[in-house]
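In what follows, a single structure is set out as C-alpha cells and then discussed.
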Amino acid sequence: LSRSPSPPPLISSSSSSSIDSLRSLSTSAPAREPTRWWNLLNIQDSPTQLSKKYRSPKHPVVFCHGLLGFDSVTIGPAIAPLHVSHWRGIKEVLQQNGTEVLVTRVPATSSPVDRAKVLEEKISQVYPGRAVHLIGHSMGGLDCRYLASHLTHRKFHVLSITTIATPHRGSAFADHFLST
C-alpha cells in the first residue's frame with residue numbers, strides 16, 4: 001500500500017509563528033484552477049447538440065438582478081464602448097437551446113416592494129397569461145419572493161423561484177448602513 005504524504009504540522013517548532021504555519025499549509029498543496037461554469041458549456045455548440053445535452057424548460061425564464069444591478073450597461077468612451085451584461089452568456093446559451101428568456105431591469109436601489117411591482121409590470125407586459133420561472137440574484141431573489149407571495153393579482157403564474165446569494169435572513173452590510 002502506498003500512503004499519501006501526511007499534511008504539514010500546524011506548529012512545527014517553537015520558533016515558527018502561526019503565520020508561518022498558515023503559509024506552509026497554503027503553499028504545500030499544488031494550486032488548482034477553479035472550474036468555471038462557462039468552461040463547462042461550449043456556446044459554439046449547435047442547437048441540436050445543446051438540446052441533446054440539456055433539457056430546455058417549456059416556460060419562460062425571467063432573470064432579476066440584485067442591488068445596484070442592471071440588465072446590461074454600456075461603459076467607456078463613445079468611440080470604444082464596452083457592453084457588459086449582468087447575466088453574462090447565460091441568456092444566449094438558454095436561448096440557443098430554445099428557452100424564452102427575459103432579463104429584467106428594476107430600480108437599482110428601491111425597496112423590494114417597489115422593485116417587485118416594477119418586475120410584475122414588466123413580466124405582465126411580456127408574458128400575460130403565461131407561467132414563468134423566476135431566477136433572482138441577491139436582492140433580486142427578495143423581489144421575486146415578494147412578487148410571488150404578496151402581488152397575487154398578476155397576469156401571469158409563477159412556477160418556480162430560484163435564488164442565488166439572496167440574503168433571506170437579512171444583511172449585516174445593510175444593517176450597518178441603516179443604523180448609522
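Side-chain polar atoms of Thr99 and Ser56 form a donor-acceptor pair below 3.5 angstrom.
Under the 4.5 Å side-chain criterion, counting only non-hydrogen atoms from C-beta, Leu159 is in contact with His59. Between Leu134 and Val158, the closest side-chain pair of non-hydrogen atoms falls below 4.5 Å. Looking only at side-chain heavy atoms (C-beta outward), Lys155 and Tyr127 stay at 4.5 Å or farther from each other. Between Met139 and Pro112, the closest side-chain pair of non-hydrogen atoms falls below 4.5 Å. Inter-residue side-chain proximity for Ser138 and Ile164 is flagged as unmet; no heavy-atom pair is nearer than 4.5 Å. Using a 4.5 Å heavy-atom threshold, the side chains of His133 and Thr162 count as separate.
Between Leu67 and Ala108, the shortest heavy-atom contact is CD1-O, 3.4 Å.
In this view, Tyr146 and His150 satisfy the ring pair (Phe, Tyr, Trp, His ring centres under 6.0 Å) rule, not counting sequence neighbours. Partners of Ser110 by side-chain hydrogen bond (donor to acceptor under 3.5 Å, both in side chains), not counting sequence neighbours: none found. By the side-chain hydrogen bond (donor to acceptor under 3.5 Å, both in side chains) test, Arg130 pairs with Glu100, sequence neighbours left out.
Formation of a donor-acceptor pair under 3.5 Å by the His65 side chain with backbone atoms of Val106 is found in this model. Although no hydrogens or angles enter the test, the distance criterion places a donor-acceptor pair under 3.5 Å between the side chain of Arg154 and the main chain of Leu147. Using modelled atom types, one side-chain atom of Ser124 and one backbone atom of Glu120 make a donor-acceptor pair closer than 3.5 Å.
Put simply, Val103 and Leu94 are part of the same group of oily side chains (I, L, V, M, F, W, Y) that touch within less than 4.5 Å, one to the next. Phe63 and Leu102 sit in two unconnected hydrophobic clusters of ILVMFWY residues. Membership requires side-chain heavy atoms under 4.5 Å apart, directly or through other members.
Within the model, atoms CD of Glu121 and CD of Gln125 stand 7.0 Å from one another, a figure rounded to the nearest 0.5 Å. Distance CG/Asp143 to OG1/Thr163: 11.5 Å, rounded to 0.5 Å. Going from atom NE2 of His168 over to atom CG of Leu142 covers 6.5 Å, rounded to the nearest 0.5 Å.
For the side chain to side chain contact (heavy atoms under 4.5 Å, CB included) test with Val62, the passing option among Thr104, Val126, Ile135, Ile161 is Thr104; the others fail.
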